[in-house]
Amino acid sequence: MNPSLNNIRNIGIAAHIDAGKTTLTERILFYTGVSRKTGEVHDGEATMDFMKQEQERGITIASAAISCKWNESNINLIDTPGHVDFTIEVERSLRVIDGMIAVFCAVGGVEPQSETVWNQADKYKVPRIAFVNKMDRAGADFHAAVSQMNKYLDANAIALQLPMGVEEEFEGVIDLLEGKAYIFDDFKREECPIPDKYHLKYEEARMLVVEKLADYNDEIMELYLDEKDVSAELLNKAVRDATLKLLITPVFCGAAYKNKGVQLLLDAVTDYLPSPIDVGATLGHEVDNEENIIRRTPCLNEPFSALAFKIINDPYVGQQTFIRIYSGKLERGMPIVNSTKGRNERVGRILKISAKDREEISGAGPGDIVALIGMKNTKTGDTLCDVNNKLLLESIHVVPTVIETKINPAKQKDQKKLGEALAKLSNEDPSFNARYNEETDETIVSGMGELHLEIIMDRIKDEFKVEVEVGEPSVAYRETITNEIKVEYRHTKQTGGKGQFAQTLMRIEPNNGKGYEFIDKIKGGNIPAEYIPSVNKGIIKTMDRGILSGFPVVDIKVVLLDGKFHPVDSSDMAFQTCASICFRDGFKKANPILMEPMMKIEINTPDEHIGGVIGNLNKKRGKIESMRRYRKGSQKLNGFVPLVEMFGYATQLRNLSSGRANFSMEFHKYTPLSKSLQEEVIKKLEEKKNS
């Protein structure tokens with residue numbers, strides 16, 4: 001076991017947009033000596049926001065990895081976006097980190113994206129600590145933020161600090177475990193005695209912490225019942241144990257922009273968040289057998305295993321494939337295998353990344369997050385492993401795209417350059433897709449929202465030097481079926497010389513929410529084994545192109561029942577064509593429907609505008625699920641609304657509320673369109689096609 005593994009912390013920082021997490025990251029880099037100055041988001045100089053699009057908008061788009069050191073610990077830090085359009089960045093970061101700092105605004109408390117990130121962290125069982133930021137802002141309320149974490153996130157949040165002052169008067173914090181007070185002046189923290197006016201509050205707050213921790217530690221429970229004092233050492237141990245088991249969320253506070261509370265948060269990262277050893281063995285399974293589980297412990301002498309979680313095309317070094325190593329050692333020039341694709345790879349260069357700076361290293365081990373140069377076949381979510389010890393690790397969930405637009409190069413000669421740019425961008429970002437519609441001779445790109453596609457268009461222009469003409473954004477519908485059907489087709493073609501022959505009999509049925517499934521039930525070699533993949537390929541190509549109205553087909557199970565072949569005229573292409581036509585015919589007879597993206601929406605509105613907001617949502621086929629008090633005089637509405645109704649909603653909401661309401665939304669699921677709306681959509685699409 002590598003002893004230095006105890007000192008590695010792979011952590012992410014995640015939160016709702018504007019909670020101040022990038023500013024917090026900048027302060028962490030300053031205090032850990034990575035940067036000599038504090039880059040500001042509003043000046044476009046944040047170290048982690050190094051993309052031009054991030055600097056212009058003052059938001060984080062791509063999760064950036066950086067390494068720093070604090071209290072003998074090596075911290076690999078991943079800063080993630082807060083905007084829902086870039087939720088894939090949060091998803092893939094959470095898949096590879098061991099611990100997380102969840103940042104909350106002391107004024108806004110638990111915001112919509114806070115809940116999304118929290119649920120993603122729950123899914124990957126990531127231990128976390130919370131930092132309530134912006135304590136110096138008007139309206140800041142530390143205890144309200146902690147209370148909301150418990151109420152809306154079920155976080156079992158325990159405040160380990162007591163703020164001294166609030167808003168402009170915020171000057172420092174009291175450590176409830178150690179019984180020490182800290183005040184912050186410029187970039188320094190000074191320890192001081194607890195001021196008299198806070199003594200009573202401190203004793204009450206500390207007793208509350210002891211009471212809560214007694215539930216998770218028998219020794220503390222005994223001392224508490226005997227009304228004896230509990231040492232800071234014992235409390236710290238209990239906090240660490242309960243945090244690692246996801247039983248509690250320790251909460252800290254500060255004002256990152258004013259340099260208050262950051263060093264104490266760094267202490268908490270090293271004290272309470274897990275090392276790779278704490279996380280323990282990573283579970284994978286055999287490549288051909290999901291039932292056979294394989295455990296890999298974070299040791300150098302275990303076989304190598306890693307997960308590729310991000311791809312960036314760097315103008316200077318080419319494609320960088322970011323990986324998290326779970327076991328074994330990786331060395332330059334070493335042969336490895338991509339077990340997801342079944343393809344061999346060779347490690348060219350290994351880089352340790354600090355945002356936009358890079359350092360070449362000769363090798364890396366368990367717990368390390370590095371970038372590889374020279375990976376030819378590896379994509380996001382792929383497993384890389386030892387050639388002789390293959391396994392598959394859990395991949396990364398990608399949410400379906402919900403919005404699309406047509407795109408063409410301004411100059412016809414740039415068509416090839418545009419194709420290359422789109423291929424690189426979709427390789428980098430699994431939540432962005434590009435497809436070519438042969439019937440209309442158009443390129444269609446799809447993503448997670450209007451901002452997402454806007455950023456992609458900017459990058460095509462800035463990075464790839466291609467001027468593009470972009471159509472109006474539209475909804476990315478999906479096609480599926482509601483009935484089961486059996487269908488047969490015989491494909492024959494004689495053109496002189498060798499002909500084409502293939503025959504397939506298949507059952508097509510709905511696969512409610514489970515994606516596409518292909519089951520081969522051919523017996524007696526009626527279709528030779530080498531042509532079965534051809535049948536599958538023909539179906540997939542047809543599904544991608546769409547049948548009803550050119551949108552991708554989803555949630556369908558195809559069972560191949562029977563077929564025939566010809567020893568001379570059958571071929572891969574013959575079976576692809578036959579399967580494609582057979583599937584298309586069956587799909588049309590199985591009551592095909594269109595499905596639309598339904599969005600989860602949260603609206604914050606003053607009380608006096610609530611009637612108008614709800615009335616407007618009802619007109620949009622929206623459904624209110626819950627209402628709750630947000631702050632004094634305002635409400636939070638939660639509900640669902642079809643995406644097609646939401647174009648231009650920001651302007652409408654401003655008009656409805658005199659500019660005082662705001663909203664956020666994210667993809668929820670695809671739901672069937674009513675027959676009348678489906679006919680309307682298809683009619684409009686036909687008109688567009690013919691115009």
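Heavy-atom basis, side chains included; hydrogens, waters and symmetry copies ignored. All values derive from a computational prediction rather than experimental measurement.
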Checklist entry - Is it true that a side-chain atom of R27 and a backbone atom of Y257 form a donor plus acceptor pair closer than 3.5 Å? => result yes
Item to check | Donor-acceptor contact present, side-chain S73 to main-chain I75, <3.5 Å | outcome: no
Item to check | Polar side chain donor-acceptor pair, N156 to N150, under 3.5 angstrom | outcome: no
Next on the checklist: Between Q635 and T605, do the side chains contain a donor N or O and an acceptor N or O under 3.5 Å apart?
Outcome noted: no
Checklist entry - After noting the C-alpha distance and the side-chain angles of K180 and D175, does the key distance pass the salt bridge (charged side-chain N to carboxylate O under 4.0 Å, His left out) rule? => result CA-CA 5 Å; K180 295 174 181 174; D175 182 328; over 6 Å; no
Checklist entry - Does the side chain of N338 come under 3.5 Å of the side chain of D382 through a donor N or O and an acceptor N or O? => result yes
Checklist entry - For residues Y182 and E190, is any side-chain donor paired with an opposing acceptor at under 3.5 Å? => result no
Item to check | N/O donor-acceptor pair under 3.5 Å between Q161 side chain and C253 backbone | outcome: yes
Checklist entry - Okay, side chain of R324, backbone of I369: is any donor-acceptor separation there less than 3.5 Å? => result no
Next on the checklist: Could you tell me if R9 sits above the aromatic ring of W70, with its cationic atom closer than 6.0 Å to the ring centre and no more than 45 degrees from the axis?
Outcome noted: no
Item to check | D386 side chain to N389 backbone, donor-acceptor under 3.5 Å | outcome: yes
Next on the checklist: Under a 3.5 Å distance rule, please check whether R206 uses its side chain to pair with a backbone N or O of E204 as donor and acceptor.
Outcome noted: no
Item to check | Result of checking V117, L265, T23, I13 against V103 for side-chain contact (heavy atoms from CB on, under 4.5 Å) | outcome: I13
Checklist entry - Is the shortest side-chain N to carboxylate O distance from K125 to D98 below 4.0 Å? => result no
Item to check | Carboxylate-amine/guanidinium contact K237 D241, below 4.0 Å | outcome: yes
Next on the checklist: Taking A232's backbone N and O only, do any of them form a donor-acceptor pair with N236's side chain (distance below 3.5 Å, no angle check)?
Outcome noted: yes
Item to check | Donor on one side chain, acceptor on other, N638 and E602, under 3.5 Å | outcome: yes
Next on the checklist: In terms of relative ring orientation, are Y272 and F252 parallel, tilted or perpendicular, with 30° and 60° separating the classes?
Outcome noted: parallel
Next on the checklist: With side chain to side chain contact (heavy atoms under 4.5 Å, CB included) as the criterion, how do F142 and M135 come out once you've worked through the C-alpha distance, each side chain's angles and the decisive distance to 0.1 Å?
Outcome noted: CA-CA 7 Å; F142 176 65; M135 285 294 298; 3.7 Å; yes
Item to check | Main-chain N/O of K228 paired with D226 side-chain donor or acceptor, under 3.5 Å | outcome: no
Checklist entry - Between Y152 and R628, is there a cation-pi geometry (under 6.0 Å to ring centre, at most 45° from the normal)? => result yes
Item to check | Over 12 non-hydrogen atoms of neighbours within 6.0 angstrom of CG in N292 | outcome: yes
Checklist entry - Does the D278 side chain pair with the main chain of S275, one donor and one acceptor, at a distance under 3.5 Å? => result yes
Checklist entry - Can you say whether the rings of Y202 and H199 are parallel (under 30°), tilted (30 to 60°) or perpendicular (over 60°)? => result perpendicular
Checklist entry - Using 4.0 Å as the upper bound for N to carboxylate O, is an ion pair formed by R137 and E167? => result no
